[in-house]
Amino acid sequence: MATVCTLILPKFPQSRGVSTTRAVLKRDPKMKVPYELKQEQSRLFHKLPSGLNMEVLYQRGSDQIRSTKNPPLVFVHGSFHAAWCWAEHWLPFFSQNGYDSYALSLLGQGESDSPAAAVAGTLETHAGDIADFIHKEIRLPPVLLGHSFGGLIVQYYIANIRREAVKGSDSEKKSLFPNLSGAVLVCSVPPSGNSGLVWRYLFSKPLAAFKVTRSLAAKAFQTSLPLCKETFFSAGMEDQLVARYQELMTESSRMPLFDLRKLNASLPVSRLEDPAFKVLVVGAKDDFIVDMEGLNETGRFYGIPTVCIEGVAHDIMIDCSWRKGAQLILSWLNSLN
């Protein structure tokens with residue numbers, strides 16, 4: 001049985017896509033409700049330049065069908081979630097289809113360390129932590145997949161891949177954001193942020209606006225099972241599962257992911273400079289948080305058509321119809337090869 005009292009292993013699991021340097025460190029669990037890993041999954045910790053440790057859940061791609069052409073996958077969660085939300089269904093799914101898969105817990109979330117601040121970070125610091133992990137631990141350019149506010153972080157990342165900064169007294173240039181094989185934005189907050197979503201709800205769906213504000217801003221989803229279900233899941237989702245995820249979401253988010261006022265003041269994210277860069281924008285028809293206009297805004301931003309999946313809600317990766325999104329993304333990933 002896996003526990004969160006895991007050692008930081010001396011080495012990442014051997015694979016074609018990761019480096020092998022680690023320090024050993026014992027850790028006490030940060031979540032009162034631990035997430036038990038599935039078979040063939042590992043919990044690792046990546047040490048950031050700040051000295052803080054970032055939780056990484058890893059599952060190696062199946063040797064039976066893995067290919068050297070398959071890029072590693074790196075998953076980034078949104079608010080009130082952590083790496084576990086990918087480990088539940090999508091890590092096993094993509095692993096079984098030959099892809100090495102890594103799910104990160106951003107700082108202040110899941111089993112990752114918390115910074116000495118009121119919020120977990122900014123778009124720049126979260127993207128920088130992801131970049132540090134990719135730069136040090138993954139040899140091949142991965143595909144970066146982001147959900148909800150994690151999708152906004154991914155948008156910031158891919159907008160800055162080509163940028164370089166002068167570091168050190170010797171003026172040595174170093175790329176801050178390692179290259180990617182592509183990016184998938186899943187029920188993502190659009191590049192202008194969530195303010196447009198909020199205003200549209202206020203004018204067109206005032207009751208929905210009240211529910212969303214109460215659920216997310218006031219964190220009422222943590223204590224109301226019906227509200228949690230309506231916010232994140234399909235109507236057909238079993239209450240027992242909703243209760244389990246509600247507990248994990250409550251324990252995952254020890255501090256806010258962003259200062260939303262400062263975040264919105266820094267938006268929109270910059271436009272992608274490389275028109276050949278591969279992006280997939282996926283939404284959910286029954287999404288209670290990101291509406292169709294928000295989904296289409298993201299598609300227009302990248303000049304690509306969006307895909308909206310019927311019969312699935314915002315938490316597409318743990319909803320009862322999670323396979324729909326996974327299979328769509330798998331087809332797109334296979335087309336990259």
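Each residue takes its place number in the sequence, starting with 1.
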*Could you tell me which non-hydrogen atom of A87 sits nearest to which non-hydrogen atom of Y35, and how far apart they are?*
C-OH, 3.6 Å
_Using modelled atom types and a 3.5 Å cut-off, is there a donor and acceptor pairing between side-chain atoms of S112 and backbone atoms of G108?_
no
*State, to 0.1 Å, how close P92 and K38 come at their nearest heavy-atom pair, and which atoms those are.*
CG-CD, 4.0 Å
_Distance, nearest 0.5 Å, that separates CG of L263 from CZ of R261_ = 13.0 Å
_ILVMFWY cluster, L260 and Y156 together (side-chain gap under 4.5 Å)_ = yes
*For Q155 and V189, indicate whether the former's side chain and the latter's backbone hold a donor-acceptor pair under 3.5 Å.*
yes
*Run the numbers on S105 and E111 for side-chain hydrogen bond (donor to acceptor under 3.5 Å, both in side chains), then give the verdict.*
CA-CA 7 Å; S105 288; E111 292 298 330; over 6 Å; no
*Given side chain to side chain contact (heavy atoms under 4.5 Å, CB included), test I329 with V186 step by step and report yes or no.*
CA-CA 10 Å; I329 294 169; V186 184; 4.2 Å; yes
*Between NE2 on residue H77 and OG on residue S148, distance to nearest 0.5 Å*: 11.0 Å
*asked:* The criterion is ring-ring contact (aromatic ring centres under 6.0 Å, His included); which residues satisfy it with F258, sequence neighbours excluded?
replied: H126, F149
*Please round to the nearest 0.5 Å and tell me the distance separating atom OH of Y245 and atom SG of C228.*
11.5 Å
*Can you check whether L267 reaches S192 side chain to side chain, under 4.5 Å on heavy atoms?*
no
*How far does CG of L106 sit from OG of S252, to the nearest 0.5 angstrom?*
11.0 Å
*When you measure from the side chain of K324 to the backbone N and O of E310, does any donor-acceptor pair fall under 3.5 Å?*
yes
*Go through L145 and V154 one step at a time and tell me if the side chain to side chain contact (heavy atoms under 4.5 Å, CB included) criterion holds.*
CA-CA 7 Å; L145 302 92; V154 171; over 6 Å; no
*Work out which heavy atom in N264 is nearest to a heavy atom in G193; give both atom names and the distance.*
OD1-CA, 4.0 Å
_Tell me the closest heavy-atom pair linking M237 and L241, and the distance in Å._
CE-CB, 3.9 Å
*Taking atom types as modelled, is there a side-chain donor on D319 or S234 under 3.5 Å from an acceptor on the other?*
yes
*Determine, stepwise, if the pair L280 / L333 fulfils side chain to side chain contact (heavy atoms under 4.5 Å, CB included).*
CA-CA 9 Å; L280 174 65; L333 288 170; over 6 Å; no
_Result of checking V281, V312, I289, I316 against C187 for side chain to side chain contact (heavy atoms under 4.5 Å, CB included)_ = I316
*Counting N and O atoms only, with roles assigned by atom type, does the side chain of T125 sit under 3.5 Å from a partner on the main chain of G121, one being a donor and the other an acceptor?*
no
_Side chains of H147 and M317 in contact at under 4.5 Å (non-hydrogen atoms)_ = yes
*Is a side-chain donor or acceptor of H81 paired with a backbone partner of S79 at a separation under 3.5 angstrom?*
yes
*V269 side chain reached by L152 side chain, heavy atoms, under 4.5 Å*: yes
*Assess the side chains of S95 and E40: does a donor N or O sit below 3.5 Å from an acceptor N or O?*
no
*What class does the angle between the rings of F232 and F221 fall in, given that below 30° is parallel, 30 to 60° is tilted and above 60° is perpendicular?*
perpendicular
*So Y58 and Y102, would you call those rings parallel, tilted or perpendicular, with 30° and 60° as cut-offs?*
tilted
*Taking the side chain as every heavy atom from C-beta outward, state whether P71 and L140 have any pair of such atoms under 4.5 Å apart.*
no
_Tell me if the NZ atom of K285 is crowded by more than 12 foreign heavy atoms within 6.0 Å._
no
*Would you please classify the geometry between the F75 ring and the W86 ring as parallel, tilted or perpendicular, with 30° and 60° separating the classes?*
tilted
*Point-to-point distance, once rounded to the nearest 0.5 Å, from CG of L57 to CD of Q41*: 6.5 Å
*Any side-chain heavy atom of R254 within less than 4.5 Å of one from S114?*
yes
*Short question: side chain of N179, backbone of P141 - any donor-acceptor pair under 3.5 Å?*
no
*Return the minimal non-hydrogen interatomic distance between N160 and F177, and the atom names on each side.*
O-CD1, 3.5 Å
*So, D287 side chain and V290 main chain: donor-acceptor pair closer than 3.5 Å or not?*
yes
*Is a side-chain donor or acceptor of S224 paired with a backbone partner of L227 at a separation under 3.5 angstrom?*
yes
*Sequence neighbours excluded, which residues qualify as salt bridge (charged side-chain N to carboxylate O under 4.0 Å, His left out) partners of R300?*
E293
*Take E88 and R244 through the test salt bridge (Lys or Arg N to Asp or Glu O under 4.0 Å) and record every step on the way to the result.*
CA-CA 12 Å; E88 186 76 346; R244 176 173 176 247; 2.5 Å; yes
*Would you say L328 and I309 make side-chain contact, with heavy atoms under 4.5 Å?*
yes
*To the nearest 0.5 Å, tell me how far R60 CZ sits from S101 OG.*
12.0 Å
*How far apart are the C-alpha atoms of V56 and F45, what are their side-chain angles, what is the distance that settles it, and do they pass the side chain to side chain contact (heavy atoms under 4.5 Å, CB included) test?*
CA-CA 6 Å; V56 183; F45 293 91; over 6 Å; no
*asked:* Quick check on the 6.0 Å ring-centre criterion: do F288 and H314 meet it?
replied: no
*Could you tell me whether R43 and E36 make a salt bridge, using a distance below 4.0 angstrom between a side-chain N and a carboxylate O?*
no
_If you define the side chain from C-beta out and look only at heavy atoms, does anything of P115 sit under 4.5 Å from M255?_
yes
*Decide whether V119 and M54 are clustered together by the hydrophobic rule: side chain heavy atoms of Ile, Leu, Val, Met, Phe, Trp, Tyr closer than 4.5 Å, transitively.*
no
*Name the orientation class of the two ring planes belonging to H46 and F133 (parallel below 30°, tilted from 30 to 60°, perpendicular beyond 60°).*
perpendicular
*Considering all heavy atoms of both residues, which atom of T298 and which atom of L185 are nearest to each other, and what is their separation?*
CG2-CD1, 3.7 Å
_Main chain of I318, side chain of D315: is a donor-acceptor contact present, judged purely on distance under 3.5 Å?_
no
*Any sub-3.5 Å donor-acceptor pair from D100's side-chain atoms to G61's backbone N or O?*
yes
*Between L91 and W84, is any pair of side-chain heavy atoms under 4.5 Å apart?*
no
